[in-house]
Amino acid sequence: MRLTRTLRTAACVGAALLLAAACDSSGSTSSTGLNPPDLKAPTKLGRTEGQVDLIAWAGYVEDGSNDPKVNWVGDFEKQTGCQVHSKVAASSDEMVKLMKTGDYDAVSASGDASLRLIASGDAAPVNTDLVPNYKDVFSGLKNGAWNSVDGKMYGIPHGRGANLLMYNTQKVRPAPTSWSAVFDRASAYKGHVTAYDSPIYIADAALYLKATRPELKIENPYALDQKQFDAAVALLKRQNADIGEYWGDYLKEVSAFKSGDSVVGTTWQVIANLAASEGAKVKALVPKEGSTGWSDTWMVSSKAKHPNCAYKWLNWIVSPKVNAEVAEYFGEAPANSKACAQTKDRNFCSVYHAADENYWKRIAFWNTPIEQCLDGRTDVKCVPYAKWVQAWTEIKG
């Protein structure tokens with residue numbers, strides 16, 4: 001295992017995040033509040049073009065240059081004749097900007113980018129019949145609010161992970177079962193609380209308020225009207241007084257829990273595993289309120305110059321053996337249900353809850369907040385992500 005994901009969404013986000021729902025000729029909008037451009041998915045594949053240009057998170061497109069033992073690109077090139085050219089992106093915002101150039105064929109977009117790409121017409125619908133391995137993708141990853149619109153898929157799911165509550169078992173007692181440990185009760189660990197350094201973390205506060213302040217009527221932590229948003233921001237500003245460090249680099253979080261500088265906060269399963277393996281006395285869980293999380297999707301550019309090779313890549317990266325290799329190397333649950341039989345660590349999928357759909361029903365996967373409320377409300381406007389970015393700066397002071 002090697003975790004290479006760093007802070008993904010804290011880059012400055014401009015007006016491109018202010019998505020507006022376009023109305024069709026009848027004046028109606030889709031049930032999601034979006035009506036993307038009417039782009040068509042291919043009905044069949046043609047001859048491969050000899051190359052494919054990808055944008056990806058670090059660790060997703062490995063060709064042996066980082067580690068000679070980690071190479072799933074080489075066999076793909078041999079089998080398809082498509083030479084892979086990839087660019088690692090440091091944030092979702094960078095992925096969106098790069099896709100807009102039209103220079104790339106596909107991208108491994110997270111939920112805080114995918115809806116932007118769909119709404120802007122930069123990502124095309126995907127014909128899943130042309131991706132044979134799609135049939136084995138876990139059902140919980142199909143037709144998600146972050147990768148489809150009105151039942152039309154805009155990509156092939158790659159993997160998923162949950163944002164967990166991690167705590168020092170010797171210093172945080174009794175063992176926490178609620179996010180209150182980092183919100184309403186955070187003062188008990190003042191200066192030793194940690195949180196994910198990203199505007200999307202506002203959704204974590206909203207998820208907690210959904211359970212603890214029912215009068216706010218929060219249904220979706222990514223669909224917040226102004227009153228709901230203000231409540232989440234206020235909670236995070238109070239939390240800021242107890243924060244010792246916001247983390248974006250997993251190594252810093254591991255180090256902080258090992259040294260005792262951090263004793264409670266949000267984490268990923270792979271970080272909890274690594275911290276424990278290095279001697280930190282930690283445990284991680286999904287609290288009773290549930291958690292946020294990520295689900296990454298390989299999306300094809302509407303301007304793809306090499307669409308046939310792009311489709312070959314989508315099918316390859318979610319094939320059982322390759323998907324297992326990526327999941328173990330990166331540290332996430334694989335998307336392909338047959339990948340679990342291919343992992344080197346036979347306990348990997350149980351640790352990451354890969355096949356436990358009841359577990360994932362408790363996870364609110366990252367999505368892109370837009371003015372058209374994702375929970376279906378039409379009587380109010382929701383706060384778009386650009387405002388989340390502005391608020392995050394204020395929260396951190």
Side-chain angles (χ1 to χ4, degrees), residues 1-8 159-186 188-189 192-198 200-201 203-205 207-208 211 221 239 242-296 327-334 343 345 347-366:
M1 180 281 296
R2 179 187 176 195
L3 178 69
T4 50
R5 181 177 304 202
T6 56
L7 180 60
R8 305 179 348 152
R160 53 186 168 180
N163 296 316
L164 307 175
L165 175 64
M166 184 161 71
Y167 65 97
N168 183 308
T169 58
Q170 296 179 331
K171 298 182 180 180
V172 179
R173 295 177 178 174
T177 60
S178 165
W179 285 112
S180 63
V182 297
F183 289 124
D184 290 335
R185 299 178 183 175
Y189 313 106
H192 300 285
V193 179
T194 188
Y196 186 48
D197 191 359
S198 170
I200 205 69
Y201 183 65
D204 291 57
L207 189 73
Y208 177 66
Q239 182 199 48
D242 300 312
I243 292 287
E245 181 179 48
Y246 291 98
W247 69 272
D249 183 333
Y250 79 99
L251 289 175
K252 288 185 177 179
E253 187 177 34
V254 170
S255 177
F257 271 89
K258 286 170 62 178
S259 67
D261 288 344
S262 294
V263 300
V264 65
T266 187
T267 195
W268 300 326
Q269 184 67 58
V270 64
I271 298 175
N273 294 352
L274 184 59
S277 73
E278 295 188 5
K281 305 299 182 183
V282 296
K283 286 188 177 180
L285 73 152
V286 174
K288 62 183 181 182
E289 299 89 0
S291 296
T292 60
W294 78 83
S295 172
D296 294 342
E328 285 194 283
Y329 182 73
F330 188 83
E332 65 184 350
T343 57
D345 178 359
N347 294 319
F348 183 84
C349 280
S350 61
V351 171
Y352 284 82
H353 303 275
D356 187 353
E357 291 299 341
N358 287 329
Y359 176 90
W360 296 109
K361 287 177 182 178
R362 302 173 61 199
I363 309 302
F365 290 114
W366 286 347

So, do [X] and [Y] sit near enough that their side-chain heavy atoms are less than 4.5 Å apart?
{"X": "T292", "Y": "Y201", "answer": "no"}
{"X": "Y352", "Y": "N273", "answer": "yes"}
{"X": "F348", "Y": "V351", "answer": "no"}
{"X": "F330", "Y": "V270", "answer": "no"}

Going by side-chain contact (heavy atoms from CB on, under 4.5 Å), name the residues that satisfy it together with S178, two or more places apart in sequence or in a different chain.
S180, Y208, K288, E289
Does either side chain, that of E253 or that of T267, offer a donor lying less than 3.5 Å from an acceptor on the other one?
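A donor-acceptor contact under 3.5 Å links the two side chains.
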I'd like to know if the side chain of S291 pairs up with that of N163 as donor and acceptor (distance under 3.5 Å, no hydrogens or angles considered).
no
Measure from the side-chain N and O atoms of [X] to the backbone N and O of [Y], and report whether any donor-acceptor pair falls under 3.5 Å.
{"X": "W268", "Y": "G293", "value": "no"}
{"X": "Q269", "Y": "G331", "value": "no"}
{"X": "S255", "Y": "K252", "value": "no"}

Can you name the residues that form a salt bridge (charged side-chain N to carboxylate O under 4.0 Å, His left out) with E245, not counting sequence neighbours?
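For E245 there are no salt bridge (charged side-chain N to carboxylate O under 4.0 Å, His left out) partners, ignoring immediate neighbours.
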Would F257 and L274 count as a side chain to side chain contact (heavy atoms under 4.5 Å, CB included) if you check the C-alpha gap in whole Å, the side-chain angles of each, and the deciding distance to 0.1 Å?
CA-CA 11 Å; F257 271 89; L274 184 59; over 6 Å; no
Kindly give the heavy-atom pair with the smallest separation between T266 and W247, and that separation in Å.
O-NE1, 3.0 Å
